[in-house]
Amino acid sequence: MNYYPIYLNLMDKRAVVIGGGKVAERKIQGLMEARALITVVSPELTEKLHQYYKAGNITWKKKTFSAEDIKDAFLIIAAANDPEVSFAVKKAAAPNQLLNLADNPEESNFILPSVYKQGKLSMTVSTSGASPTLAKKIKQNLASQYGPEYRDYVDFLYDCRKWILQEITDSKLKKYLLSAITEREFVTSTNRQKDFKDLLDKWNQS
Ligand SMILES: C[C@@]1(CC(=O)O)C2=NC(=C\c3[nH]c(c(CCC(=O)O)c3CC(=O)O)Cc3[nH]c(c(CC(=O)O)c3CCC(=O)O)/C=C3\N/C(=C\2)[C@@H](CCC(=O)O)[C@]3(C)CC(=O)O)/[C@H]1CCC(=O)O
Ligand SMILES: NC(=O)c1ccc[n+]([C@@H]2O[C@H](COP(=O)([O-])OP(=O)(O)OC[C@H]3O[C@@H](n4cnc5c(N)ncnc54)[C@H](O)[C@@H]3O)[C@@H](O)[C@H]2O)c1
């Protein structure tokens with residue numbers, strides 16, 4: 001399968017997860033970070049999911065799946081540990097709903113990658129279903145190359161790029177600055193604002 005990678009904005013979108021086990025828990029954590037409106041349909045929940053329910057982070061329908069549970073869903077994840085349930089979810093879903101069956105990528109219209117995040121920086125790894133374990137290993141390798149320092153650094157890039165696009169009209173200077181701030185010394189710098197000002201001064205003097 002030739003998948004099309006995409007980053008979804010799920011803010012306030014209805015997401016329904018069928019099943020309340022380990023796999024559902026992992027997928028729900030991602031959905032919570034994306035601020036989706038999450039409903040979990042399951043007779044039981046893991047301890048963590050129960051905490052999220054108690055804290056009001058998710059809605060819990062304490063029942064087995066039935067077709068009306070996904071009526072208004074933008075995105076659906078079936079993780080109930082029963083192929084019959086996956087089949088029933090697939091049958092009930094409309095063709096234009098986003099559907100992931102955790103046990104059946106072929107019958108899903110999207111799959112999930114392994115995700116590594118440091119603030120605004122995120123990296124996603126997929127093996128198109130060949131080996132989720134390899135995807136996880138590669139993610140761990142990335143984590144050792146792009147540490148927590150990238151969180152502040154990418155925030156700096158966000159602000160700095162906004163400033164450059166607003167303030168700099170000379171296209172050569174704009175291109176130079178947008179590239180210079182991604183050089184290694186900016187990642188490790190202890191005073192990025194000063195280093196940036198130095199760059200500008202140097203350009204103006206030349
Ligand atoms: C990346 C990650 C994201 C996430 O789930 O959030 C993810 N699986 C993860 C882990 C993982 N999954 C499994 C194991 C046990 C070892 C093994 O079986 O290999 C481990 C390892 C572990 O848990 O350590 C078992 C498994 N997974 C699938 C099946 C069904 C099948 O293949 O038919 C079965 C057999 C179930 C069974 O037989 O019972 C299917 C899928 N799993 C996917 C994603 C999609 C393809 C992604 C890709 O290949 O790139 C896809 C197609 C659909 C989907 O779920 O979207 C997450 C890493 C989280 C992290 O980074 O920490
Ligand atoms: N995609 C992945 O990353 C991945 C990884 C491992 C396993 N899996 C697959 O994901 C599924 C779930 O695995 P798990 O380890 O979380 O299982 P689990 O047994 O821990 O959890 C299953 C959950 O589904 C609930 N459930 C059972 N019948 C239901 C029904 N009719 N309606 C609603 N909820 C129901 C149970 O109460 C339980 O909460 C399995 O099919 C497994 O093959 C996928």
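Model, not experiment: these values are computed from the prediction. Only this structure's heavy atoms are used, side chains among them; waters, hydrogens and symmetry mates stay out. One-based numbering, in listed order, for ligands and for the atoms of each.
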Requested in this report: Kindly determine whether Phe156 and Phe186 satisfy ring-ring contact (aromatic ring centres under 6.0 Å, His included), including the steps that lead there.
Outcome: CA-CA 9 Å; Phe156 160 78; Phe186 270 93; 5.7 Å; yes
Does [atom] have any protein heavy atom closer than 4.0 Å?
{"atom": "atom 47 (C) of ligand 1", "answer": "yes"}
{"atom": "atom 36 (C) of ligand 1", "answer": "no"}
{"atom": "atom 39 (O) of ligand 1", "answer": "no"}
{"atom": "atom 60 (C) of ligand 1", "answer": "yes"}

From the candidates [options], the one that places a heavy atom nearest [atom]:
{"atom": "atom 6 (O) of ligand 1", "options": "Gln140, Met1, Lys22, Arg26", "answer": "Arg26"}
{"atom": "atom 30 (C) of ligand 1", "options": "Gly129, Ala135, Ala102", "answer": "Ala102"}
{"atom": "atom 13 (C) of ligand 1", "options": "Ser131, Gly30, Ala130, Pro132", "answer": "Pro132"}
{"atom": "atom 52 (C) of ligand 1", "options": "Ala79, Pro113, Pro105, Ser128", "answer": "Pro105"}
{"atom": "atom 45 (C) of ligand 1", "options": "Asn81, Ile77, Leu112", "answer": "Leu112"}

**Report entry** Any Pro132 heavy atom less than 4.0 Å from ligand 2
**Finding:** no
Query raised in the report: For ligand 2, is there an N or O atom under 3.5 Å from any N or O atom of Lys22?
Result: yes
Query raised in the report: Does Lys139 count as lying over the ring of Tyr116, i.e. NZ or CZ under 6.0 Å from the six-ring centre, within 45 degrees of the axis?
Result: no
Quick one: does ligand 2 sit under 4.0 Å from the side chain of [X], the backbone, both or neither, non-hydrogen atoms only?
{"X": "Arg26", "value": "side chain"}
{"X": "Val41", "value": "backbone"}
{"X": "Lys27", "value": "side chain"}
{"X": "Val85", "value": "side chain"}

Report task. Answer yes or no: does an N/O atom from Asn104 fall short of 3.5 Å to an N/O atom of ligand 1? Result -> no
Could you tell me, atom by atom, which parts of ligand 2 come under 4.0 Å of a heavy atom of [X]?
{"X": "Asp103", "value": "41 (O), 43 (O)"}
{"X": "Glu44", "value": "37 (O), 39 (O)"}
{"X": "Ser42", "value": "25 (C), 33 (C), 34 (N), 36 (C), 37 (O), 39 (O)"}
{"X": "Gly19", "value": "23 (C), 24 (O), 25 (C), 34 (N)"}

By number and element, which atoms of ligand 1 are closer than 4.0 Å to a non-hydrogen atom of [X]?
{"X": "Ser126", "result": "48 (C), 50 (O)"}
{"X": "Asn100", "result": "53 (C), 54 (C), 56 (O)"}
{"X": "Lys136", "result": "22 (C), 24 (O), 60 (C), 61 (O), 62 (O)"}

Query raised in the report: How about Phe196 and Trp163: are their ring centres within less than 6.0 Å of each other?
Result: yes
